[in-house]
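Shown next, in structure tokens, is the structure this report addresses.
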Amino acid sequence: MLKIEKSSEMVGFAAAAMVAKQLIKKPDSVIALPTGATPISMYETIVKFVKYGIISIEKAQLFNLDEYVGLTREDPMSFAYYMEKHLLSRIERVQHNIPATDTKDPEREASDYEEKIEKAGGFDLCLLGIGIDGHIGFNEPGTPFSSITHVAHLHPSTIERNSKEFGRGRIVPDIAITVGIKTIMKSRHIVLMATGVEKSSILKESLFGEITSDVPASVLQLHPNLTILVDKECAAKVISNASEFHRMNL
Ligand code: F6R
């Protein structure tokens with residue numbers, strides 16, 4: 001299903017509403033979460049839902065999709081820090097998992113993380129953003145669809161984009177731990193968020209192009225329960241393909 005929202009804030013609201021619906025149906029849901037610019041408004045809305053008593057996340061198990069290797073949890077660029085800032089420090093205690101940032105053995109950390117996800121029963125709901133190269137989590141172009149949680153070497157375009165965020169004088173990590181594509185695809189429900197005109201082309205390619213590991217998000221075409229949330233700006237190019245919507249049952 002594809003839903004076009006008026007603004008990026010409304011995309012965040014719609015995603016938060018899906019999290020709420022999932023938690024009302026199953027309070028101990030296992031939920032995978034992204035970081036980045038796109039989901040900030042989702043976290044803001046989730047915090048409000050919790051504060052107003054609309055939902056409780058206490059029983060849920062949250063799993064972040066990825067984390068850089070080589071940063072401490074206190075580093076403002078780490079995803080652990082991001083999660084504290086946007087969600088964890090603002091709500092009740094929750095069961096939250098994220099790959100360790102400062103591990104000496106990333107391979108081991110990755111396989112332990114996969115085991116944790118499996119023990120929890122896999123994801124009931126997996127929220128995703130999309131990179132301009134089509135990455136989901138940190139599954140960069142070329143990542144096999146059979147991948148489980150693993151150590152990922154970041155694509156030059158991702159490193160270049162990140163270097164703007166890290167700022168001058170900071171070394172941008174070139175490896176990360178990410179939940180793999182196979183693990184993501186096993187989720188019972190996937191919600192992909194994309195906002196802004198810069199995501200338009202890659203979203204179109206992912207939804208209507210060839211299903212190939214060169215465009216990791218294209219694998220989502222094969223998922224039986226996929227919701228795509230986009231804002232008007234992002235939808236503009238994608239929507240020119242109305243006949244394709246029909247073909248894909250969107
Ligand atoms: C980060 C993650 C990434 C982002 C993607 C989009 O945890 O999973 O795949 O979702 O890079 O990032 P933004 O939202 O910053 O454009």
Side-chain angles (χ1 to χ4, degrees), residues 5 7-12 14-16 31-44 62-69 71 73 75-88 96-101 110 113 117 123 125-143 147 149-166 172-181 183-185 187 190-203 205-206 213 215-220 227-231 233-234:
E5 303 288 346
S7 62
S8 57
E9 287 75 25
M10 287 308 293
V11 166
I31 301 178
L33 296 169
T35 58
T38 314
I40 290 178
S41 55
M42 173 184 81
Y43 291 123
E44 265 166 24
L62 308 181
F63 282 86
N64 265 84
L65 284 166
D66 45 14
E67 177 60 286
Y68 291 116
V69 171
L71 304 183
R73 284 184 71 86
D75 192 311
M77 294 314 293
S78 74
F79 293 162
Y81 186 95
Y82 172 106
M83 290 306 293
E84 276 299 323
K85 180 175 165 190
H86 293 289
L87 184 71
L88 303 173
H96 175 249
N97 304 278
I98 187 161
T101 45
Y113 202 67
I117 296 167
F123 303 138
L125 175 65
C126 175
L127 294 128
L128 295 175
I130 181 171
I132 43 171
D133 59 0
H135 71 232
I136 45 176
F138 263 142
N139 294 287
E140 296 283 39
T143 309
S147 62
T149 306
H150 63 280
V151 176
H153 295 266
L154 306 188
H155 196 264
S157 71
T158 306
I159 296 173
E160 195 197 314
R161 189 158 185 252
N162 289 347
S163 66
K164 287 181 200 132
E165 286 162 27
F166 273 74
V172 184
D174 55 3
I175 57 171
I177 292 174
T178 185
V179 171
I181 293 180
T183 317
I184 289 173
M185 287 297 281
S187 309
I190 295 180
V191 176
L192 174 70
M193 294 170 272
T195 60
V197 71
E198 64 162 358
K199 298 287 173 68
S200 211
S201 302
I202 193 62
L203 187 67
E205 203 180 331
S206 303
S213 61
V215 183
S218 65
V219 73
L220 299 174
T227 303
I228 304 148
L229 299 175
V230 293
D231 63 359
E233 280 183 18
C234 182

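Quantities reported herein were computed from a predicted structural model and do not represent experimental measurements. Read the numbers this way: they start at 1 and go in the same order the structure lists the ligands and their atoms.
Between Glu140 and Thr178, every side-chain heavy-atom pair lies at or beyond the 4.5 Å cut-off. Between Thr143 and His135 there is no side-chain heavy-atom pair separated by less than 4.5 Å.
Residue Gly137 places at least one N or O, backbone or side chain, under 3.5 Å from an N or O of ligand 1. Here's the thing with Ala37: one of its N/O atoms is less than 3.5 angstrom from an N/O atom of ligand 1.
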| said: Working note: Ile190 + Cys126, criterion side-chain contact (heavy atoms from CB on, under 4.5 Å); need CA distance, chi angles, decisive distance, verdict. | reply: CA-CA 5 Å; Ile190 295 180; Cys126 175; 4.3 Å; yes
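If you check the side chains of Asn64 and Thr35, you find no donor sitting under 3.5 Å from an acceptor.
Of all atoms in ligand 1, numbered sequentially from 1 with element shown, those under 4.0 Å from a heavy atom of Arg161 are 16 (O).
Looking at Asp66 against ligand 1, only its side chain comes within 4.0 Å, counting heavy atoms. Residue Glu165 does not touch ligand 1, judged by heavy-atom distances below 4.0 Å. Contact annotation: for Thr158 versus ligand 1, there are no heavy atoms closer than 4.0 Å.
How far CZ of Phe79 is from CD of Glu84: 15.0 Å, rounded to the nearest 0.5 Å.
The shortest contact between atom 10 (O) of ligand 1 and any protein heavy atom is with Gly129 CA, 3.3 Å. If you check which protein heavy atom lies closest to atom 16 (O) of ligand 1, you get Lys199 NZ, 2.6 Å. Nearest protein heavy-atom neighbour of atom 14 (O) of ligand 1: Thr38 OG1, 2.4 Å. Taking atom 4 (C) of ligand 1 as the reference point, the nearest protein heavy-atom neighbour is Thr35 O, 4.1 Å. Nearest protein heavy-atom contact of atom 6 (C) of ligand 1 is Ile130 O, 3.4 Å. Of all protein heavy atoms, the one lying nearest to atom 5 (C) of ligand 1 is His135 NE2, 3.5 Å.
The aromatic rings of Tyr43 and Tyr82 sit perpendicular, their planes meeting at an angle over 60°, well past the 30° parallel limit. Ring geometry for Tyr113 versus Phe63: interplanar angle over 60°, hence perpendicular rather than tilted (30 to 60°).
Glu67 contributes no side-chain N or O that, together with a main-chain N or O of Ile177, makes up a donor-acceptor pair within less than 3.5 Å.
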